[in-house]
Amino acid sequence: MTKVTLISGSTMGSAEYVAEHIEEELIARGFETEVLHGPELEELPLEGIWIIVCSTHGAGELPDNIQPLAKQINDQQINLEKVSFGAVGIGSSEYDTFCGAIRTLDTLLQQKGAKRIGDRLEIDVQKHEIPEDPAGEWVKIWANDL
C-alpha cells in the first residue's frame with residue numbers, strides 16, 4: 001500500500017480542509033495517508049510521496065504555520081531526491097501574487113531534489129467557492145500517475 005504524507009500550510013483553515021478532503025479521496029482509492037498541518041521538518045519522512053496544500057497569505061507569502069518548515073528546508077543541506085510530491089495552492093486571482101506560496105514551495109522542493117508528480121493545481125477562490133471540489137477532481141487524476 002502506497003503511503004502519502006499530506007502537508008498543509010494555512011492561515012484561515014482552507015488548506016487544512018482541502019488536505020483532509022484529498023486524504024478522504026486517497027483513502028477511498030486504497031492509499032495509506034498521514035495529514036500534518038504546519039509540520040516541522042523532523043516530522044516528515046525524507047522519502048516517499050508528499051502532497052503540499054498551501055494557501056497564500058498577504059502579498060504572496062507563506063502562511064505562518066508553514067514558514068518554519070520552508071525555512072528549515074531552505075537553510076539545511078537536505079537532499080530530497082527520494083521525495084516525489086504533488087502541489088496544491090489556494091488563492092485569489094484578484095491579487096497579482098495569486099498562489100505565490102505554493103509556487104515558492106514547489107520551487108524550493110525541486111531545488112532540494114524532490115520531483116513533482118503531475119501538474120501543480122492552483123485553485124482560484126474567485127471561481128471555486130468550495131476549494132475542495134477542484135482538489136477532489138485533481139487528486140483522482142494525480143493518483144493515477146503514481
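Note on V35 and L109: separate hydrophobic clusters, where clusters join Ile, Leu, Val, Met, Phe, Trp and Tyr whose side-chain heavy atoms are under 4.5 Å apart, directly or indirectly. Under the 4.5 Å side-chain heavy-atom criterion for ILVMFWY residues, no single connected hydrophobic cluster contains both Y17 and M12. Linking Ile, Leu, Val, Met, Phe, Trp and Tyr residues whenever their side-chain heavy atoms come within less than 4.5 Å leaves I141 and L146 in two separate clusters. Both L69 and L46 belong to a common hydrophobic cluster when Ile, Leu, Val, Met, Phe, Trp and Tyr are linked at side-chain heavy-atom distances under 4.5 angstrom.
Between D145 and G118 the shortest heavy-atom distance is OD2-CA, 4.1 Å. When all heavy atoms are compared, the tightest approach of A19 to S8 is CB-CB, 4.1 Å. When all heavy atoms are compared, the tightest approach of S55 to A101 is O-CB, 3.3 Å. Nearest heavy-atom pair, A87 versus R116, reported as atom, atom and distance to 0.1 Å: CB-CD, 4.3 Å. G60 approaches T97 most closely through the heavy-atom pair N-OG1, 3.3 Å. Between P131 and P134, the shortest heavy-atom distance links the atoms O-CD, 3.3 Å.
The CG atom of N144 lies 12.0 Å from the CD1 atom of I117; values are rounded to the nearest 0.5 Å. One distance of note links CD1 of I73 with CD of Q111; it measures 11.0 Å at 0.5 Å rounding. The CD1 atom of I7 lies 10.0 Å from the CD atom of E43; values are rounded to the nearest 0.5 Å. For the atom pair CG of L6 and CD1 of I52, the computed distance is 9.0 Å after rounding to the nearest 0.5 Å. Remark: I66 CD1 to L105 CG distance equals 5.5 Å, nearest 0.5 Å. The OG1 atom of T11 sits 9.5 Å away from the CD atom of E16 when rounded to the nearest 0.5 Å.
The shortest side-chain heavy-atom distance between I78 and L41 falls under the 4.5 Å cut-off. Put simply, the side chain of L44 reaches to within 4.5 Å of the side chain of W50, judged on heavy atoms. Inter-residue side-chain proximity for I49 and K3 is flagged as unmet; no heavy-atom pair is nearer than 4.5 Å. A 4.5 Å side-chain heavy-atom check between E132 and E24 finds every atom pair outside the cut-off. For the pair V88 and C54, the minimum side-chain heavy-atom distance is 4.5 Å or more. When side chains are defined from C-beta on, I22 does not count as touching T33, because their heavy atoms never get closer than 4.5 Å. Side-chain atoms of E23 and I27, non-hydrogen and from C-beta on, do get closer than 4.5 Å to each other. Between L108 and Q110 the shortest side-chain heavy-atom distance does not fall below 4.5 Å.
Among residues at least two apart or in separate chains, ring-ring contact (aromatic ring centres under 6.0 Å, His included) pairs with a member in residues 108-146 are W138-W142. Sorted by first then second residue, the side-chain hydrogen bond (donor to acceptor under 3.5 Å, both in side chains) pairs that include residues 75-88, not counting sequence neighbours, are K71-D75.
Distance alone, capped at 3.5 Å, places no donor-acceptor pair between the N65 side chain and the G9 backbone.
Other residues, nucleotides and ligands contribute over 12 non-hydrogen atoms within 6.0 Å of the CZ atom of F31. A 6.0 Å sphere centred on CD of E40 holds more than 12 heavy atoms belonging to other residues, nucleotides or ligands.
Paired with I90 under the rule side chain to side chain contact (heavy atoms under 4.5 Å, CB included), one option of I102, T56, L121, V18 passes, and it is V18.
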Determine, stepwise, if the pair H57 / Q67 fulfils side-chain hydrogen bond (donor to acceptor under 3.5 Å, both in side chains). CA-CA 11 Å; H57 174 71; Q67 286 179 13; over 6 Å; no
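Considering only residues two or more places apart in sequence or on other chains, D124 meets the side-chain contact (heavy atoms from CB on, under 4.5 Å) condition with S93, F98, Q126, K127.
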